[in-house]
Amino acid sequence: MLARNFQLLGAAGLLAGALASCAPGGDAAENHADHPIVQGRLAVLGRLTLTGALADAREGGVNLRIVEAWSGRVLLQRVYDLGDPLWDRRDSSQALYYAIGPGFEFDARPPVRGPLVLEVIHLPPGVAIEPKPAFERVAVAWEPDGAERDLVLHGAAAVAGAEPATDEPR
């Protein structure tokens, strides 16, 4: 029985060590203390416009997310499919009204510490959610002040699923 207790204590010690190694560099308490706790509701809405090569994309998606800038922790996240008919394609770009808030929590456990960033990332076809650093993106500083945020994501490279623009309405 005593040997079993030592095994459990050893396993608990290894787990605690592994969890501590996952924390941001240095003493986690010092890192947290440097960043103010964010007050306010984690929710944002606005208009997202895709231009350039993304203006005609019909495959893949865009990932909208609110992130703790200092830790990289994704708080809220929502993916919009580029094939969805809710995109407005009447202009030379495509756009939609977006909203992320309660119901789109990814890792929004309190406390949330600033500064925060609102990101929009293009997800090529075949990528479900996890973006790579090289993906087209835009990121802006964000505070939960209730203001609408209009965002533009410009695609500079050719995009799979893009149809050539025509003079006819889409």
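Note that the numbering runs from 1 along the sequence shown for the chain.
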Search all heavy atoms of [X] against all heavy atoms of [Y] and return the closest pair with its distance.
X	Y	result
Arg113	Trp70	O-NE1, 3.3 Å
Thr51	His154	OG1-ND1, 2.8 Å
Pro115	His35	CD-ND1, 4.0 Å
Gly60	Asp81	O-OD1, 3.2 Å
Leu153	Ile121	CD2-C, 4.3 Å
Gly103	Glu105	N-OE1, 2.9 Å

Taking only residues two or more places apart in sequence, or in another chain, which ones meet [X] in a side chain to side chain donor-acceptor pair (under 3.5 Å)?
X	answer
Asp84	none
Glu68	Ser71, Arg73
Asp150	none
Arg137	none

Item to complete: Could you pull out all residues at least two apart from Arg149 that satisfy side chain to side chain contact (heavy atoms under 4.5 Å, CB included)?
Response: Val44, Tyr98, Leu118, Trp142, Asp145, Ala147
Item to complete: Quick one: list whatever passes side chain to side chain contact (heavy atoms under 4.5 Å, CB included) with Pro85, sequence neighbours left out.
Response: none
Let me confirm one number: the [atom1]-[atom2] distance from [X] to [Y], rounded to the nearest 0.5 Å.
X	Y	atom1	atom2	result
Leu86	Tyr97	CG	OH	12.5 Å
Arg78	Ile66	CZ	CD1	12.5 Å
His122	Leu54	NE2	CG	5.0 Å

Worksheet item: Are any non-hydrogen side-chain atoms of Arg58 and Leu82 less than 4.5 angstrom apart?
Response: no
Worksheet item: Below 4.5 Å, heavy atoms only, C-beta onward: do Leu64 and Phe104 meet side chain to side chain?
Response: no
Item to complete: Under the side-chain contact (heavy atoms from CB on, under 4.5 Å) rule, what do Leu42 and Val112 come out as? Steps first, then yes or no, please.
Response: CA-CA 9 Å; Leu42 293 179; Val112 172; 4.0 Å; yes
Discussion item. Would you say Val138 ends up clustered with Ile100 if hydrophobic residues are merged whenever their side chains have heavy atoms under 4.5 Å apart, either directly or through other cluster members?
Written reply: yes
Fill in: Connected via hydrophobic side-chain network under 4.5 Å: Val140 and Leu96
yes
Fill in: Trp87 and Tyr80 aromatic ring geometry - parallel, tilted or perpendicular at 30°/60° bounds
perpendicular
Worksheet item: Do the side chain of Glu148 and the main chain of Arg47 share a donor and acceptor less than 3.5 angstrom apart?
Response: no
